[in-house]
Amino acid sequence: MRHLALLLTLLATCTAAAIIAGCGGSANSPTLVVYSGREQDLVGPLFEQFTKDTGIQLDVRYGESAELAATIREEGDASPADVFYAQDAGSVGVLEDHFAVLPQSDLTPIPARFRDPAGRWVGITGRVRVLAYNTDHLRDAQLPASVLALGAADWKLGDIGVAPTNASFVGFVSAMRLTEGDAKTKLFLTGLAGHAKTYQKNAQIIDAIATGEVDTGLVNHYYLYEKLASDPTAPVANHYFAPTDVGSFINVAPIAILKTAAHADEAQTFVQYLLTKAQVYYANTEGEREYPLNETQPGLERVRDLPPLADIPGPDVDLADLGHDLESTIAMIRDAGLIS
Amino acid sequence: MPALVIAIAPLVYLALRAIAGGATDALDPATLVPAGVRSLALAALVAVGAVAIGVPFAVLTVRTALPLRRLALVLGALPLVIPSYVGALTLLGALGPRGLLAQALEPLGVYRLPELDGLVGSTLVLILFTYPYVLLLAASALRRVDPALEQAARGMGRSTLDTFLRITLPQIRSAVIAGALLAALYAMSDFGVVSLLRCTTLTREAFLRYDALYDPAGAATVGLVLACLALLVVGAEQWTLRGSSLAARRRVRAREDVVPLPLGTARPIAIAFVLSITFFALVLPIAILVWWAISLVGRADIVSQLGTALPATANAVLVSAAAAIVCVVLALPIAALVARSSGRLPRAIESVSFVGYALPGIVVGLGLVFFATRSAPALYQTVALVVLAYTVRLLPQAIGGARSGWERVDPRFEQAARGMGRSPLHVLTRVTLPLAAPGVLTGAALVFLTAVKELPATLLLRPNGFNTPATLIWQKTSVAEYASAAIPALLLITISAVPVYLLLIRPEARSRS
């Protein structure tokens, strides 16, 4: 019994200390609150640089984009967030009503296809869908110009890695429904399911290609460079589909300012910073090769080992339209047997 | 009463969300039925598997002449501290299609291994990391079994096996079923393993609705279905236990030392059983984590990684300890009422509290976001809310422990103390609580161990910049940096091992001597 009492006292003391320590943090001067669906490993150094350059303190909440979107929705008007920086257009698309319209001067330098027509969110960086492949097993010339070939019954180039519930894949299928129609999309998915191997995340697909577990995989272009940064000899390369093929669908990492933002001015400064000064960071960070979308900025040369974004018009789809009818998109992916 | 509020809060939130959303799409039976069947099948198979491993393991380490049996009990309980998601990752790293085993076998001409996948794979992995619930509760119950009865049975010519089945097993039945329930509901609420091994249960379905569909109303509808199934499972548990709560009230008595049963010819089989379980559930995962951590040397700044991971570990210990205390405080009155009366309300609260445990952490987390921003904004994104989330999710573990502790207390001791003119408070603090303490502490330890590895609710509710080893593991695995995840994972296992040893195993070992 004495031990029990001792233990409980000890634990209670620790708890009190923890709560006091927890409260201590909130006594600082007002800081900009950023909800970031982008990984800390990627954007953390950039955010630190922002504080150095502008003197504005950041209070960053990291999480999965979709879960942060759900959080903002549950918080409603009481959301402490000033800015939402997401991984994909879908996560901001579902919250459109929560966002303030951004100033035209911020929007103009970004091509119209990479932002909300109503100006409530804007893409900071972009990524192209590609077919990554194992260079020991395949050559680029063997791979098709259209992604639709991956759904053909006579596909002979081995297993294809797919992340069927990942926002990037769901967005791509939604785009295909808009350009090719539902009937063709269904055929494609059913055919693809016949030689697909499913994963949770794109990074796992790249790993599986590198080890030869699958021969190819549908991913975003930059996962290759993340892999090569940690394993420079990995036998993986990207195959680009034809520039206007739906396989070359381009998604963005968008940013938006909440209507309820308590620090609207600082939020403005932050968005502007990411759209201008920070663009060079995305172009030059080791292992990170997303496309900076503001091509009026200087110093973006590193990206030139990638096909220029201007050469990839992508399929004719409006990113803002992708969020509609996701339910049917998922149902089609499921019916094809890709989600077991 | 606070316990009641906490127990039904998730249900109220789910109902509000599901109704507000009018989520009819999510109710499509073509997706819900298979997912529901998978959830139930997973729960049932994991429960059966956990019993099939946990009970023999407990008997071997508590009752037989197994060599090094106390060490075996410690090692057998430790897989509890490995988050099942990390366990699945390491097992894939070892046994997956391109894992270490496959690489080792390739020169021998073996190119394809059976895949650790789907319902079967998820079941196997979850059994390996939940059987300790059964082992611990069964081991503790076995020590309470009165050996006089068994001796009498054997004296009357019953065989050892017959004695075990007819005399011993009925006495530990309620503890075994309680452990099986914890394992079954853990399996129902698990997201990490089923998504890694591609088995679409209701929990994965709910996550899919958040992640790919941005559809919280649909997720809430799926959550409600899951909650109903959980109540069904809890109901099944209570049905199997009907009428046994009186039988479970054993007198606490000074026992003569139990003679360990000789294993005879079964000895090699018993040793092989204990070694193989320990190998797959403990040695292999930790070996892979160590291997990953070693592969970091010279490639990343380990000192700075430790600089992040150590404070995160301290955070997790504090928050989980706080949750353990809060859970025990709330659980004590319920446990006392359930153990001592046949009232319906305490039993109902106990059953409903299991809903929070069976629900995916993201559902509980979003529910608290909803309530806190509306009614307690001062608490929002503070550690207090994280503690509350753990309490909602883990209260049943504390209730179960406290209840079994209370059931061990012979009411006659209390009556005697009162007869001597002691005040009720005195009786409670000097007689009842000390006697119930081992059970209460077991419950507290289970809460701590589950809380310290909790991820989804922690991610949603933590203060900005507040990390635990689990959030660091998430941060690293979401960029496929498995090697970097090894450091927080190993720290998590290390700190969890301390309470396992102190609270769960040492008293058991000591009570033998």
Side-chain angles (χ1 to χ4, degrees), chain A residues 1 4 7-8 11-12 14-15 17-19 21-23 25-26 33 39-42 59-64 66-67 69-71 73-76 78-80 90-91 93-95 165-167 170 198 200-201 203-204 206-208 211-213 226-227 230 323 326-327 330-331 334 339-340, chain B residues 25 28 31 96-98 118 195-196 198-200 207-208 210-216 218-219 299 315 317-319 321-322 324-325 328 362 365-367 369-370 373-374 377 380-384 387 429-430 433-434 437 440-441 456 459-460 462-466 471 475-476 478-481:
Chain A
M1 190 58 203
L4 177 65
L7 192 72
L8 286 179
L11 291 180
C14 292
T15 314
I19 289 168
C23 295
S26 60
V33 180
E39 294 98 359
Q40 187 168 4
D41 284 17
L42 167 63
D59 192 3
V60 188
R61 184 168 194 80
Y62 292 98
E64 301 282 349
E67 283 155 34
T71 305
R73 201 182 334 215
E74 294 301 347
E75 291 167 342
S79 178
S91 299
V94 290
L95 291 173
T165 60
N166 192 278
V170 177
T198 60
Q200 199 184 347
K201 290 180 172 153
Q204 294 166 344
I206 289 286
D207 286 345
T211 59
E213 187 181 326
E226 286 180 4
K227 179 72 187 171
S230 65
L326 281 172
E327 188 77 35
I330 288 281
R334 195 196 300 271
I339 303 175
S340 53
Chain B
D25 284 342
D28 178 8
T31 60
R98 292 281 154 168
S195 61
L196 208 55
R198 313 175 185 98
C199 173
T200 306
F207 267 83
L208 181 64
Y210 286 119
D211 282 354
L213 291 173
Y214 314 104
D215 172 19
R299 197 159 74 68
N315 283 342
V317 169
L318 291 177
V319 183
I325 294 173
V328 164
I362 187 175
L366 281 174
V369 170
F370 178 84
T373 47
R374 278 157 187 76
Y380 189 54
Q381 293 180 358
T382 64
V383 283
V387 172
T429 55
R430 288 298 163 89
L433 276 180
V440 175
L441 281 182
L459 267 188
L460 283 172
R462 61 181 173 156
N464 295 346
F466 178 93
T471 68
Q475 189 186 318
K476 294 303 175 188
S478 65
V479 287
E481 272 287 332

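Only this structure's heavy atoms are used, side chains among them; waters, hydrogens and symmetry mates stay out. Below, read A as the first sequence line, B as the second, and so on, with proteins coming before strands; counting in each chain starts at 1.
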task: Select one option (side chain, backbone, both, neither) describing which atoms of Arg430(B) are under 4.5 Å from chain A's heavy atoms.
output: neither
- prompt: Considering only heavy atoms, which portion of Phe466(B) lies under 4.5 Å from any heavy atom of chain A: side chain, backbone, both, or neither?
  reply: neither
task: Would you check if Thr471(B) and Gln40(A) make a side-chain contact, meaning some heavy-atom pair closer than 4.5 Å?
output: no
message: Taking every non-hydrogen pair under 4.5 Å, which of Ile330(A), Val170(A), Val33(A), Ile206(A) racks up the most with chain B?
response: Ile330(A)
- prompt: Looking at Thr71(A) and Tyr380(B), what are the two nearest heavy atoms and their distance?
  reply: CG2-OH, 3.5 Å
statement: Looking only at Ala78(A), Gly63(A), Ala203(A), Ala167(A), most heavy-atom pairs under 4.5 Å shared with chain B are made by Gly63(A)
query: Side chain, backbone, both or neither: which part of Gln200(A) has a heavy atom under 4.5 Å from chain B?
result: side chain
Distance in Å, Leu459(B) CG paired with Glu67(A) CD, rounded so as to fall on 0.5 Å steps: 7.0 Å
query: Is the backbone of Leu460(B) close enough, under 3.5 Å, to the side chain of Arg61(A) for a donor and an acceptor to pair up by distance?
result: yes
message: With heavy-atom distances below 4.5 Å as the criterion, would you say the side chains of Arg73(A) and Leu366(B) are in contact?
response: no
task: Applying side chain to side chain donor-acceptor pair (under 3.5 Å), name anything that partners Lys476(B), two or more places apart in sequence or on another chain.
output: Asp41(A)
query: For Val60(A) and Asn464(B), which heavy atoms make the closest approach, and how far apart are they?
result: O-CB, 3.6 Å
- request: Find the distance between CZ (Arg334(A)) and CG (Leu208(B)) and round it off to the nearest 0.5 Å.
  value: 6.0 Å
task: Mind listing the closest non-hydrogen atom pair of Arg462(B) and Tyr62(A) along with its distance?
output: NH2-O, 2.9 Å
statement: Shortest non-hydrogen pair, Glu75(A) vs Gln381(B), comes out as OE2-NE2, 3.6 Å
query: Who among Ala331(A), Ala69(A), Gly90(A) has the most heavy-atom pairs with chain B under 4.5 Å?
result: Gly90(A)
- request: For chain B, find which of Ser91(A), Ser79(A), Pro80(A) contributes the most heavy-atom pairs closer than 4.5 angstrom.
  value: Ser91(A)
- request: Output the option from Asp59(A), Asn166(A), Leu42(A) having the highest count of non-hydrogen pairs under 4.5 Å with chain B.
  value: Asp59(A)
